[in-house]
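Numbering of ligands and ligand atoms starts at 1, following listing order.
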Amino acid sequence: MNQNIEKAKKNLTEVGFLDVDTPKDIDFVAEINRLKKEKNAVILAHYYQEPAIQDIADFVGDSLALSYKAAEVDADIIVFAGVHFMAETAKILNPDKKVLLPDLNAGCSLSESCPAESLQALKDKNPDHLVITYVNTSAEVKAISDLCCTSSNAKKIVDSVPLDQPIIFAPDKNLGAWIQKETGREMLLWDGACIVHEAFSIDKLLKTFEINPQAKIIAHPESEAHILKTAEYIGSTSGLINYVKTNPANKFIVATEAGILHEMQKEVPDKELIPAPAQEDNSCACSECPYMKMNTMQKLYLCMEHELPEVHVDEEIQKKALLPIQRMLEISSTKDD
Ligand code: 13P
Ligand code: SF4
C-alpha cells in the first residue's frame, strides 16, 4: 500500500506534473518572472524550445554555450528548459545546486541509442581506443568517456587527440561521419542518430531549392550525409544563427529543428528563412523534436512553483562524468591556431 502511494507520488513529480491541475487564467509569464526573483532561479533554454520559453529564459544557447553558462551560473536554482542530458550536464557541473527540468521524460534518441553497458562492451573489445562522446548522452556514459564534445567543438576535440591514438566516437554516426571527413581521421563510430535530423527528405529539399535557387542551404551536422552534401554551411545551432546573420544572402533553407527559426528570425527580421522539409512518414510531419517540445510554459511554471521534478546524479557517477566535460570545456576555450 505504502509502496503504491510512493509510486504514485513519484509518478506525479517525475512525469512532470502531467496530471496536476493548474489554476485557470494564470499569467504564466508574470508568475514565472515572480518565481525567478523569489527563488533566485535562472532559466537556461535551448534554441529548440518553444518560442514563449525562449523569450522568458535568462539565457538561450546551443549545447556548448549552455554548458559554459551552467558552469558559471550564480543562482540557487537552475531551471533547464531543454532535454534530460542537458539538465544532467548542468547538475554534473553544479552538484550542490538544485537543477530542475520541467518534464523528466524529455529524452533524446541519441542518448537512448547508447546505454552505458553497451558502450562499455565496445570499450572492452577495443581497449586501446580513446572514447569521445557527444554531450547527448547519459551521465553514466559520460562517466566512462575520456572526452565529451558538442557539435560546436567536435572537430577541435578530435583534433586535440594525437594522430596515432585510435578513437571511438559515440553516439551520433552522422556527426561522426562528418567529423571524419573534416579531420581526415578514421574513427570507430557508434550507430546512433537523431530522429529529427534523420527525417529530412532529400527529394523535398531539392524541390524546395529548385523553387528558391537563390537560397543558401544550411544544415546541422546531425543530418545525414546526402543532406550535408547540399549545404553551403554546416554547423551547430549557434553556428547556423551566426551564418545567416553574417552572410549577405537574403534567403536560407534551414535543415535543423524548427525551434531555431524563432531566434534566427529575430536576428534577421528582413531575411526569408525556409525550414527544410521532413519526410511524410515522419511522426509529426515536421522537423520538431518531440522531446524538446515536451516542455511547456505550464510545466515550466509548475516546476518552478513546486521545485520539482529535480534532476539527480549519483555522486560517484557525477565525479567521473565531470572529468570529460571539464576537459571539453578547457580544450574548447583554447584559441584556434
Ligand atoms: P547544438 O545546439 O549544440 O547544435 O545541438 C543540437 C542538439 O542536438 C540539441 O538537441
Ligand atoms: Fe535529441 Fe535530436 Fe531531439 Fe536534439 S533534436 S534532443 S539530438 S532527438
Engineer: A quick test of your reading: do over 12 heavy atoms of other residues, nucleotides or ligands sit less than 6.0 Å from CD of Glu38?
Structural biologist: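 Correct, the count exceeds 12.
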Engineer: What number of protein N, O or S atoms occur at distances under 2.8 Å from atom 3 (Fe) of ligand 2?
Structural biologist: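 Protein N, O or S neighbours of atom 3 (Fe) of ligand 2 under 2.8 Å, waters not counted, come to 1.
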Engineer: Just which atoms of ligand 1 are under 4.0 Å from any heavy atom in Asp62?
Structural biologist: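 Near Asp62, the atoms of ligand 1 are 1 (P), 2 (O), 3 (O).
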Engineer: Which atoms from ligand 2 have a heavy atom of Asn136 less than 4.0 Å away?
Structural biologist: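 So the answer, numbered in order with elements, is 7 (S).
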Engineer: With the threshold set at 4.0 Å, does a side-chain nitrogen-carboxylate oxygen contact exist between Asp203 and Lys207?
Structural biologist: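 No salt bridge links Asp203 with Lys207.
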Engineer: Answer yes or no: is there a donor N or O on one side and an acceptor on the other, between the side chain of Ser201 and the main chain of Ala278, under 3.5 Å?
Structural biologist: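 No.
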Engineer: Does ligand 1 come near enough to Thr150 that some N or O of the ligand is less than 3.5 Å from an N or O of the residue?
Structural biologist: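 The answer is no, given that Thr150 and ligand 1 share no N or O pair closer than 3.5 Å.
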Engineer: Under a 4.0 angstrom heavy-atom cut-off, which atoms of ligand 1 come close to Ser63?
Structural biologist: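 Checking each atom against Ser63, I get 1 (P), 2 (O), 3 (O), 5 (O).
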Engineer: Using a cut-off of 6.0 Å, state whether more than 12 heavy atoms not belonging to Lys266 lie near its atom NZ.
Structural biologist: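 Yes, the 6.0 Å shell around NZ holds more than 12 heavy atoms from other groups.
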Engineer: What are the atoms of ligand 2, with element, lying closer than 4.0 Å to any heavy atom of Glu222?
Structural biologist: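 Under 4.0 Å from Glu222, ligand 2 has these atoms: 2 (Fe), 7 (S).
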Engineer: Should the heavy atoms of other residues, nucleotides or ligands under 6.0 Å from CG of Asn40 be counted, would the total exceed 12?
Structural biologist: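 More than 12 within 6.0 Å, yes.
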Engineer: What I want to know is whether Glu222 and ligand 1 share at least one N or O pair that is separated by under 3.5 angstrom.
Structural biologist: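 Looking only at distances, the answer is yes, because the N/O contact criterion of under 3.5 Å is met.
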Engineer: Apply side chain to side chain donor-acceptor pair (under 3.5 Å) to Ser152 and Ser236, showing your working.
Structural biologist: CA-CA 5 Å; Ser152 286; Ser236 70; 3.0 Å; yes
Engineer: Which bit of Tyr47 is near ligand 1, meaning a heavy atom under 4.0 Å away: side chain, backbone, both or neither?
Structural biologist: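 None of Tyr47 does.
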Engineer: Within ligand 1, which atoms have a heavy atom of Ser236 less than 4.0 Å away?
Structural biologist: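 It comes down to these atoms of ligand 1: 4 (O).
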Engineer: With atom 10 (O) of ligand 1 as the reference point, say which of His197, His220, Met292 has the nearest heavy atom.
Structural biologist: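 Residue with the shortest heavy-atom distance to the ligand atom: Met292.
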Engineer: Tell me if the CD atom of Glu315 is crowded by more than 12 foreign heavy atoms within 6.0 Å.
Structural biologist: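 Not buried by this count: 12 neighbours or fewer within 6.0 Å.
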Engineer: Which of the atoms of ligand 1 are close to Asn136, meaning less than 4.0 Å from one of its heavy atoms?
Structural biologist: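 Going through ligand 1 atom by atom, the ones under 4.0 Å from Asn136 are 8 (O), 10 (O).
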